[in-house]
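Only one structure is covered here, and it is reproduced in the block below.
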Number of protein chains: 2
Amino acid sequence: MTVRRGNTRASILEASVDLFGSRGFAATSLDDIAGRVGVAKQTLLYWFPSKDELLDAVLEQTALELAAVIEAAVRAAADEPLARIEAVVKAVFRPAVRRPALLGLVREVSRLSPDHAERLTMQVQPFVRRATDFLREQMDAGLLRRADPGLVVALAYATVTGIATEPEALRAVEWPATAIGLRRLRGELIAFLLAALRP
Amino acid sequence: MTVRRGNTRASILEASVDLFGSRGFAATSLDDIAGRVGVAKQTLLYWFPSKDELLDAVLEQTALELAAVIEAAVRAAADEPLARIEAVVKAVFRPAVRRPALLGLVREVSRLSPDHAERLTMQVQPFVRRATDFLREQMDAGLLRRADPGLVVALAYATVTGIATEPEALRAVEWPATAIGLRRLRGELIAFLLAALRP
DNA sequence: GTCTTTGTCTACCATGTGGTAGACAGACCT
DNA sequence: AGGTCTGTCTACCACATGGTAGACAAAGAC
């Protein structure tokens, strides 16, 4: 029928993020993705030569997406460190809640081949570097609790990603999955992090 | 040859925790596990009627193991809340580092069927309940920062699990994977959590 | 109007996977 | 010694999955 919507590739990427991120890479078949998109499996293999290269593309796009979000938040925020941290968390929180698979995909990386992990690590490197430098400065200025800046980045990442990608953890403590519950969650998460970082 | 080591079942469970926890359930084949144990695939299916029931057993055993560790730590610790929290984190940290797959498996639950998730949630319920009650008491007594006790449990869980199961995050901040690095990591993790919880 | 390019589809194949059937060897009972 | 039970193995099957080959239809190129 050759509908030629012109966005097949993008649709495939979107569906792939959702499925890889929620079920995991290995548990998602090409047919699953194709079915979700409403297209034949072969069409996927037309746009991406193999499942593995599809994964590459998905990872890269996700990294770019998140990077853009963070970048914008940092630029818009005040220079004061706690405000800046709050801004970043808020910025990440929105897409994370709307599409839990986004961060789920990032987490999935630890399950994948070292190759994929390495590549994503390299891509994230400059952001990490900037964050650690910033934290170190602020710690030196006495505006943040003294700690290893790199580890603080990792810990904050772990906290945000963990809470955003494990709905089971929230269900276990009977947290309401409503809009209000989410806003309160965001507030408590930020309070938690700020308390951990305040001097 | 019928070696009859008497621990085949236990060996299977152990290998399954490692593989399910590190690669993920879907990415692990029965042959993988059998190979690791040094036994034929059919032997697995003799002890566990299906891959799914093997997973059930693995989850249950892991929950029991972790529960025992936490239980012991809580009993041994002083009654002061910060000391108690520190004791629990230290207790969880040891097995988590020695066998990253343990917590990786817990995290894997969010990828599995709601059935499995539900069951594990139920199993963990009493512990969660006790932890939240304890935190609430201590907050009321002014010994901990005022916050939603349930969420604090979830956040602390997310932080510990995240940092323990994502070696990539640590590699990204160039954290040394040595014994000394691990001890310092534990120290910083505890400092991070205590700062977040102190009144 | 023909030709080429682009995007999609329908077979089809090779392989890996979960699971079944049943043989077989040692242990234990009598 | 004979019979049953337990644990392990080999052989096999049905099926899903990633990937290939090639037909086909619409859209430009000229």
Side-chain angles (χ1 to χ4, degrees), chain A residues 1-61 105 108-109 111-113 115-116, chain B residues 1-61 105 108-109 111-116 119:
Chain A
M1 224 175 286
T2 316
V3 179
R4 197 170 309 244
R5 284 163 300 174
N7 58 356
T8 305
R9 198 188 131 100
S11 304
I12 293 173
L13 280 177
E14 195 189 324
S16 300
V17 170
D18 288 347
L19 292 173
F20 288 164
S22 59
R23 300 187 200 168
F25 177 69
T28 304
S29 75
L30 292 183
D31 276 315
D32 288 339
I33 302 171
R36 167 83 63 110
V37 177
V39 91
K41 177 176 63 173
Q42 173 52 22
T43 301
L44 302 204
L45 291 166
Y46 170 78
W47 290 102
F48 307 92
S50 72
K51 194 187 179 187
D52 229 61
E53 297 201 35
L54 170 58
L55 175 62
D56 282 340
V58 166
L59 285 178
E60 189 180 335
Q61 197 209 240
L105 183 62
E108 174 80 357
V109 167
R111 304 235 129 106
L112 303 172
S113 75
D115 257 33
H116 289 112
Chain B
M1 225 178 287
T2 316
V3 179
R4 193 169 311 244
R5 284 163 299 173
N7 56 357
T8 304
R9 199 188 131 101
S11 303
I12 293 172
L13 280 176
E14 194 188 324
S16 300
V17 170
D18 288 346
L19 291 172
F20 288 164
S22 59
R23 300 188 200 167
F25 177 68
T28 303
S29 75
L30 293 183
D31 275 316
D32 289 339
I33 302 171
R36 167 83 63 110
V37 177
V39 93
K41 178 175 62 173
Q42 173 53 20
T43 301
L44 303 203
L45 291 165
Y46 170 77
W47 289 101
F48 307 92
S50 72
K51 193 186 180 187
D52 230 61
E53 298 201 37
L54 170 58
L55 176 61
D56 283 340
V58 165
L59 286 178
E60 190 180 333
Q61 197 209 239
L105 182 63
E108 174 81 357
V109 167
R111 305 235 127 107
L112 303 172
S113 75
D115 255 33
H116 289 113
R119 189 166 332 176

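Values in this document were obtained by computation on a predicted structure and should not be read as measured data. Lettering follows sequence order; numbering is per chain, from 1.
Comparing atom distances between the A/S29 side chain and each of D/dG18, D/dG19, D/dT8 picks out D/dG18 as nearest. Relative to the side chain of A/Q42, the nucleotides D/dC9, D/dG19, D/dG22 differ in distance, and D/dG22 lies closest. When distances are taken from the side chain of B/T43 to each of D/dC9, C/dC9, D/dG18, the shortest belongs to D/dC9.
Looking at every heavy atom in both residues, B/L45 comes nearest to B/S50 through CD2-CA, 4.0 Å. The nearest pair of heavy atoms linking A/T28 to A/G24 is OG1-O, 2.8 Å.
Across the protein-nucleic acid pair, A/I33 atom CD1 and D/dA16 atom C1' stand 15 Å apart, rounded to whole Å. In this structure, CG of B/N7 is placed 12 Å from P of D/dG7, rounded to the nearest angstrom. One atom, CG of A/D32, and another, P of D/dA16, lie 12 Å apart when rounded to the nearest Å. Nucleotide D/dC13 holds its C1' atom 14 Å from the CG atom of B/L45, rounded to whole Å. The distance from atom CG of B/L54 to atom C1' of C/dG19 is 14 Å, rounded to the nearest whole Å. To the nearest angstrom, P of C/dG7 lies 15 Å from CG of A/L44. In this structure, A/F25 places its CZ atom 12 Å from C1' of D/dT17, rounding to the nearest Å. Computed from coordinates, the A/L30 CG to C/dC9 C1' distance equals 16 Å when rounded to whole Å.
The shortest distance between side-chain heavy atoms of A/E108 and A/F25 falls below 4.5 Å.
A cation-pi arrangement, defined by a distance under 6.0 Å to the six-membered ring centre and an angle within 45 degrees of its axis, is absent between A/K51 and A/F20.
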Do any side-chain atoms of residues 31-39 of chain A form donor-acceptor pairs under 3.5 angstrom with protein atoms, and if so which ones, sequence neighbours left out?
| unit_1 | atom_1 | unit_2 | atom_2 | d |
| --- | --- | --- | --- | --- |
| A/D32 | OD1 | A/S29 | OG | 3.4 |
| A/D32 | OD2 | A/R23 | NH1 | 3.1 |
| A/D32 | OD2 | A/S29 | N | 3.1 |
| A/D32 | OD2 | A/S29 | OG | 3.3 |

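Judged by distance alone with a 3.5 Å cut-off, a donor-acceptor contact links the side chain of A/K41 to the base of D/dG18.
Side-chain nitrogen and oxygen atoms of A/Y46 include none within less than 4.0 Å of the OP1 or OP2 phosphate oxygen of C/dT8. Note on A/W47: a side-chain N or O is less than 4.0 Å away from OP1 or OP2 of C/dT8. Distances shorter than 4.0 Å separate none of the side-chain N or O atoms of B/T8 from OP1 or OP2 on D/dG7.
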